[in-house]
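To keep things clear, I will list the structure first and then write my remarks on it.
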Amino acid sequence: MIGTSLSRWTLPHFAVALVFLLSAQGVIAAGWAYPAALVGAPGTLAVVHLLTIGWLTVLILGALLQFVPMVTARPASNGMMALLPLIGICTGLAGVVAGFLSLDGTLPAFLVVGLPAGGLLVLITTTMAAAPLAAALWHVRPMPLPIRFVLAGLGFLLATAGLGVVFGAIFACPTVFPWGRVFAGGLRVHITSGLLGWFTLTALGVSYRLLAMFMLAPDDRGRLGDVAFLLTAGGLALAWFAGLGRMLDLPLLDWLMQAGEAAAGLGVAVFLVDMLRLYRARRRPALELHGITAAVSFGALGVAILLLASLRVTGRLEDLAGPVLYLLLFGWLSGLGLGQLYKLIPFLTWLHRFGPLLGKAPVPRIEDMVNERRAAPWFALYFVAIAAGTVCGLLGWPSLWRVAIAAHLLATVGIALELWRAWSWQPHNAAASRAPAPTWPSNRHRQQEGALP
Amino acid sequence: MTVPSPLTLDVRDILRAGGEPFGAIMQSVSALAPGQSLRLLATFRPVPLFAVMAGRGFTHAAQQLPDGVWEVRFTPKGSTNGDAEPANDATAACPSTAFGIAPTQSLDNRGLPPPEPMLRTLEAVEKLPPGAVLEVLVDREPLILYGELKTRGHAFRADKQDDACFRIVIQRSVH
């Protein structure tokens, strides 16, 4: 184990998250979820929670276990206690999925109790995971922009999970909690706070830090970054509170909720402009694969926000929510996540395995552990399949949708294999030992380096 | 008492030829009279040299002339030869003699993608004699490096020079 700043549980989180992603995609490709079962059907909801809790929440919590020590200078939480939330989240998720599947008779009816019980376990264990991370981030002064995004995202995690538990109670005990109207009104709040609050805000924050670090771009985003944060986080907070009030039929809150969502959409646009600035200001001219896939994911985010706005204005969002959620979940969040994993898994694996040897023995280069030319076609297929799937969903072409979903699954399997190859890579021979230090990029200051008398 | 006029050293030709001017600079430093300043002309702002000279008791003042040439005035600390502006670089406020020893080696790892700065730093540290000091400039605070230095028992100090530069001074463990 190198140093005290590396999290030993980040890579296991990534592995568990990938298993959930592949499982969920397999279920979708088998036709057990949207569009065959429509967005609000129990089977679709089960798959959506496999994706949102099992894949994205576990992925982001795993990434934050490493992100927090890197921005706070505190040791990573490497005790066995740090693994308990992961076990709790997986157990709670099993309860939630069983609960959903009991609603349509796939599983026995009594398992509906899994919805509130599993949801509560997810809420408790995500709080266990998020609270120490948030506490460590809260004390960083001055607070950098990525930390502000991540803290806001963690707040929305708890808000989303809390509302989910309430929904679970309504499903399981409709006579005790006769709040069907609350569920109908709150679903939009739950989806918005989860997809845009927890996942998107956190992803924006982590993207700022990771991309600036690997592309050698300026960390200081100036006022544009501040505006992006205030609009997205402030707008989503406004929409969340207005949405809560709307569920209780308080007046004027529908208008406030839409204003909050519009501000958040505008904030995303400002972020995308700022990210374009970051890419242009990078000092590493050649883009690595993770930088390219991140750019495509940002494009997917922009298209999804435009679709949301236009469908909302035209009143067609209820009908076409499925394809837009698909684009947000897979094109934006999962696309960004898989692309960053392609950088982070070899990077962290290299640090864990070879870090203690640095300076003491020859070590391989990280570049030896990956093959971008081999992986790039899988990522290309991944994004093309998602674009095709989104278009098919919007235009109502279920047969072609199936083809796109199958291609999407194939691409994810290909990417997962590439990630596994990076993690399990072994140096073959002496030639794999570390080559002389690369001369790129040319840096005039490096001319002066050398042993001093 | 008269103050000797500054000694001027122009290393631009050496740099343009791809050479290493450090030896010439140190020769000139050795040749300075007590209280005498060194006026250095270079094609770029020689940041690592500031720390080396601070370790030898010199403050610095750097300015870029209209023709693009960098003029750096190194003045002995405590000297009354005060025509140089007070150094405003944090290097002077934080001398590299953080461990009471001038750095044996200086590395500029700015502009290198991760994990190259960490790799080069640890390779350099492990080649140092026990107790010797390495000075490193990096773009961002290397928190993972800190963890590894602690694990290996090397002492270090870190100073933020500006938003795009951290200076780490590392003393190799004597064990």
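Below, chains carry the letters A, B, ... as their sequence lines are ordered, and counting in each starts from 1. Treat the numbers as computed from the prediction; the structure is a model and nothing was measured.
- Identified by a heavy-atom distance below 4.5 Å to chain B, the contributing residues of residues 202-215 of chain A are Arg209(A), Ala212(A), Met213(A), Phe214(A), in residue-number order.
- Between Asp139(B) and Arg110(B) there is no salt bridge, since no side-chain N of the basic residue sits under 4.0 Å from a carboxylate O of the acidic one.
- A salt bridge is absent between Glu123(B) and Arg120(B): the closest approach of a Lys/Arg side-chain nitrogen to an acidic carboxylate oxygen does not fall below 4.0 angstrom.
- Among residues at least two apart or in separate chains, salt bridge (Lys or Arg N to Asp or Glu O under 4.0 Å) pairs with a member in residues 140-150 of chain A are Arg148(A)-Asp226(A).
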Identify all side-chain donor-acceptor contacts of residues 25-33 of chain B below 3.5 Å with residues at least two apart in sequence or on another chain.
from, atom 1, to, atom 2, distance (Å)
Ser28(B), OG, Ala24(B), O, 3.1
Ser30(B), OG, Met26(B), O, 2.9

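- Side chain of Tyr146(B) to main chain of Phe156(B): no donor-acceptor pair is present (N/O by atom type, distance under 3.5 Å, no hydrogens or angles).
- Partners of Glu367(A) by salt bridge (charged side-chain N to carboxylate O under 4.0 Å, His left out), not counting sequence neighbours: none found.
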